[in-house]
Student: 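Can you read through this structure? Questions will come right after.
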Amino acid sequence: MINTKKTLIIFTTSILCLSLAILSDGQGNPFLLQLDRWEMLLPSIGISAMHMQVLHNGMVIMFDRTDFGTSNISLAGGMCRYDPSDTAVKFDCSAHSVLYDVVSNTFRPLNVQTDTWCSSGAVLPNGTLVQTGGYNDGERAARMFTPCGYTQRCDWIEFPQYLAQRRWYATNQILPDGRIIVVGGRRQFNFEIFPRPDSRSRGSRFEFLRETSDGSNENNLYPFLHLLPDGNLFVFANTRSIVFDYKKNRIVKEFPEIPGGDPRNYPSSGSSILLPLDETKNTNIEPEIMVCGGAPKGGFSYVKSRRGFMPATSTCGRLKLSNPNPSWEMETMPLPRVMGDMLLLPTADVIILNGAGAGTAGWENARDPVTRPVIYHPFDRRFSIMSTPSRPRMYHSSAVLLPDGRVLVGGSNPHVYYNFTNVEYPTDLSLEAYYPPYLSFTSDLIRPKILTSDKVVSYKRSFNVNFSTPQFLTVDLLSVRILAPSFTTHSFAMNQRMVILKLLSVERDQLTNSYRVNALGPSTAEIAPPGYYMLFLVHAGVPSSGAWVHIE
Ligand SMILES: *[C@@H]1O[C@H](CO)[C@@H](O)[C@H](O)[C@H]1NC(C)=O
Ligand SMILES: *[C@@H]1O[C@H](CO)[C@@H](O)[C@H](O)[C@H]1NC(C)=O
Ligand SMILES: *[C@@H]1O[C@H](CO)[C@@H](O)[C@H](O)[C@H]1NC(C)=O
Ligand SMILES: *[C@@H]1O[C@H](CO)[C@@H](O)[C@H](O)[C@H]1NC(C)=O
């Protein structure tokens with residue numbers, strides 16, 4: 001029996017990052033309780049979730065590639081795809097995209113016709129997903145998906161020749177004006193804007209990508225992009241990073257190379273995050289970037305020449321962009337990792353999960369799955385290793401944060417086809433959810449519950465959220481934040497960002513024993529581009545479930 005009263009006593013914010021708690025049983029004997037856990041949601045969704053995006057109606061859209069061969073789920077209505085240029089099967093009646101409904105834990109096939117392999121995406125301010133590029137007949141495609149109810153029939157709409165250039169391994173970022181910038185791709189040292197200004201536009205040159213390319217275009221693919229509060233873009237490729245004014249096609253500032261000389265982008269695949277933007281201080285926002293893991297320098301040619309799998313790097317670099325002379329501060333992860341995913345949790349901590357301990361991205365290129373997540377607490381720069389392992393999630397796996405605070409994990413297929421037997425790390429079609437320690441029942445007594453919230457949050461305008469807590473509320477420990485859902489693929493969560501909002505007042509309603517918090521919308525569209533965000537209340541380090549708000 002667990003004595004919850006005693007549980008509460010040991011519950012200080014300093015243990016929230018840990019995955020074990022020391023509890024006391026009824027007789028006063030201490031025992032260890034695992035606070036985190038994994039749940040197998042579905043053993044197979046029929047495809048391997050290589051790309052994932054949470055939509056504002058709680059559905060998650062997922063897809064892999066059309067040239068994997070036939071998947072384990074059929075297209076709806078007896079439909080098929082005939083593609084003479086497909087390298088696996090020219091006549092394919094299987095689906096390569098699904099729509100997953102989080103609440104009912106069910107999925108249905110979607111119909112994508114052109115090849116989405118190693119593509120990118122971003123959600124428009126109106127909630128429609130724009131997904132760009134891919135391979136072969138999909139390399140210049142733009143595709144749209146407008147969310148609808150699970151039982152409705154919404155599906156992909158494809159524009160196969162839309163883009164100005166081929167985009168295979170490009171990165172997308174939503175811009176403050178609601179357009180999308182699409183940067184790079186294999187042998188593409190340029191960027192373009194969606195919607196395409198006119199059919200003659202060819203995009204704009206971006207020499208930085210040529211300069212950061214190793215070999216035949218390596219170690220700078222899927223460049224890390226983060227929109228900064230001043231409206232410029234932070235771009236990280238290989239070991240170098242810049243502040244880029246995309247409007248004038250001008251590098252505003254170049255930072256020192258990340259120490260150690262190890263490349264961080266595909267196929268050396270580390271990951272990167274924009275740490276939460278804090279609007280609660282009465283000073284300018286100080287954006288800070290964190291880049292973690294990857295393969296060591298030379299790791300890709302090492303594996304390609306069949307010499308073996310070099311151990312992954314364990315270093316992270318933090319760069320405070322607002323410093324007069326910014327320099328990387330290096331930290332060491334407790335577990336070295338290549339192809340890890342970095343996600344912001346509602347608590348403003350960073351979870352690092354999935355990936356391998358040796359090798360690189362690419363077919364059959366990695367070994368030693370790293371199955372235990374690590375949670376990093378940016379404030380006191382502390383890493384905690386979580387106690388429960390997952391299945392191996394190697395190349396072509398992905399992860400997204402769900403509005404309920406769980407982390408949805410899927411994919412893993414380091415093979416050219418769907419291979420389920422006689423291979424190391426068989427193609428994984430399953431979906432799992434990770435429950436970080438903050439979801440443990442030991443936090444339930446102080447967990448805020450959003451009852452109702454304004455659906456629209458305007459820039460610089462106040463808005464209300466009504467909520468309750470099971471036991472007590474310490475107003476000083478309450479925080480309101482918004483988190484943009486990511487488009488995750490290849491170890492990078494595009495468009496992910498968190499803004500911690502200014503709290504104006506908290507009132508208690510005696511009658512209903514609930515509270516109303518009044519908070520201020522984000523200051524600018526550069527800080528939070530318009531669109532759908534998950535709004536979280538966090539009380540003493542324990543998050544509520546998220547509510548969707550539209551920032552406009
Ligand atoms: C996928 O289908 C194949 C062929 O029917 C089958 O052998 C395999 O077990 C299935 N895999 C999963 C994970 O469902
Ligand atoms: C959002 O805007 C795009 C581009 O204008 C349009 O194609 C799409 O239908 C819109 N979605 C919604 C939900 O209105
Ligand atoms: C993977 O599957 C493909 C297609 O079924 C097959 O041709 C190939 O030999 C398999 N690869 C391995 C390593 O078994
Ligand atoms: C919050 O509750 C108050 C009454 O307690 C109500 O007037 C208000 O409309 C509610 N706000 C929201 C955002 O639902």
Side-chain angles (χ1 to χ4, degrees), residues 40-50 53 55-59 61-62 64-75 86-96 98-100 107 109 121-132 141-149 152-159 162-163 172 174-175 177-180 182 193-197 306 362-367 391-397 409-432 455-456 485 529-532 548 550-552:
M40 174 53 73
L41 297 174
L42 292 164
S44 171
I45 54 165
I47 65 162
S48 195
M50 188 193 297
Q53 170 78 54
L55 303 167
H56 72 268
N57 61 355
M59 313 269 167
I61 190 163
M62 307 171 188
D64 50 21
R65 49 188 281 243
T66 58
D67 53 358
F68 255 153
T70 47
S71 74
N72 278 36
I73 179 170
S74 297
L75 282 167
D86 196 305
T87 48
V89 277
K90 306 208 183 308
F91 194 67
D92 185 359
C93 303
S94 72
H96 294 281
V98 301
L99 188 65
Y100 171 69
F107 59 100
V123 176
L124 291 173
N126 70 8
T128 291
L129 170 67
V130 171
Q131 184 270 327
T132 52
R143 307 173 189 86
M144 291 176 127
F145 185 87
T146 297
C148 66
Q152 286 168 295
R153 291 237 177 93
C154 54
D155 214 320
W156 287 104
I157 301 172
E158 299 180 64
F159 306 90
Y162 186 90
L163 298 175
N172 297 14
I174 184 82
L175 297 173
D177 60 8
R179 296 182 302 162
I180 295 165
V182 186
I193 302 282
F194 177 98
R196 194 170 168 185
R306 298 172 182 270
W363 305 130
E364 321 289 346
N365 281 0
R367 289 293 179 274
R391 296 153 76 95
R393 297 285 180 184
M394 308 291 277
Y395 185 44
H396 285 158
S397 58
V409 173
S412 187
N413 188 9
H415 318 295
V416 183
Y417 302 101
Y418 297 100
N419 292 91
F420 303 107
T421 48
N422 304 323
V423 287
E424 210 147 352
Y425 318 116
T427 304
D428 198 314
L429 307 182
S430 71
L431 273 189
E432 279 179 298
K455 295 277 178 289
V456 171
Y532 289 95
W548 290 100
H550 193 251
I551 307 290
E552 58 187 52

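Both ligands and their constituent atoms are indexed starting at 1 by order of listing. Remember, predicted model here, so these are calculated numbers, not experimental data.
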Student: Quick one: does Thr427's side chain have a donor or acceptor within less than 3.5 Å of a partner on Asn419's backbone?
Tutor: yes

Student: Just which atoms of ligand 2 are under 4.0 Å from any heavy atom in Met144?
Tutor: 3 (C), 4 (C), 7 (O)

Student: Need the ligand 2 atom indices (1-based, order shown) with element for anything under 4.0 Å from a heavy-atom of Thr146.
Tutor: 13 (C)

Student: Among all the protein's non-hydrogen atoms, which is closest to atom 7 (O) of ligand 1, and how far away is it?
Tutor: Phe420 CD1, 4.9 Å

Student: Looking only at distance, does Tyr417 have an N or O less than 3.5 Å from an N or O of ligand 3?
Tutor: no

Student: Given the side-chain rings of Phe194 and Tyr162, with only the six-membered ring counted for Trp, is the space between their centroids under 6.0 Å?
Tutor: yes

Student: Short list, please: which atoms of ligand 3 are under 4.0 Å from a heavy atom of Val423?
Tutor: 12 (C), 13 (C), 14 (O)

Student: Got a protein heavy atom sitting under 4.0 Å from atom 2 (O) of ligand 1?
Tutor: yes

Student: Is any side-chain heavy atom of Val98 less than 4.5 Å from a side-chain heavy atom of Ile73?
Tutor: yes

Student: Between Ile45, Leu429, Asn72, flag the one that comes closest to atom 6 (C) of ligand 1 by a heavy atom.
Tutor: Asn72

Student: Could you check whether Arg65 and Ser48, counting side-chain N and O atoms only, form a donor-acceptor pair closer than 3.5 Å?
Tutor: no

Student: Please walk me through it: do Asp428 and Ser397 pass side-chain hydrogen bond (donor to acceptor under 3.5 Å, both in side chains)?
Tutor: CA-CA 9 Å; Asp428 198 314; Ser397 58; over 6 Å; no

Student: Look at atom 11 (N) of ligand 3 and say which protein heavy atom is nearest, naming residue and atom and giving the distance to 0.1 Å.
Tutor: Asn419 ND2, 2.8 Å

Student: Among all the protein's heavy atoms, is there at least one whose distance to atom 9 (O) of ligand 3 comes out below 4.0 Å?
Tutor: no

Student: At what distance, to the nearest 0.5 angstrom, does OH of Tyr100 lie from CG of Leu41?
Tutor: 4.5 Å

Student: Could you label the plane-to-plane angle of the His56 and Tyr532 rings as parallel, tilted or perpendicular, counting under 30° as parallel and over 60° as perpendicular?
Tutor: parallel

Student: Under 3.5 Å, is there a donor-acceptor pair linking the side chains of Asp92 and Thr66?
Tutor: no

Student: Look at atom 14 (O) of ligand 1 and say whether a protein heavy atom is found at less than 4.0 angstrom from it.
Tutor: yes

Student: For atom 12 (C) of ligand 2, what's the nearest protein heavy atom and its distance?
Tutor: Asn126 ND2, 3.3 Å

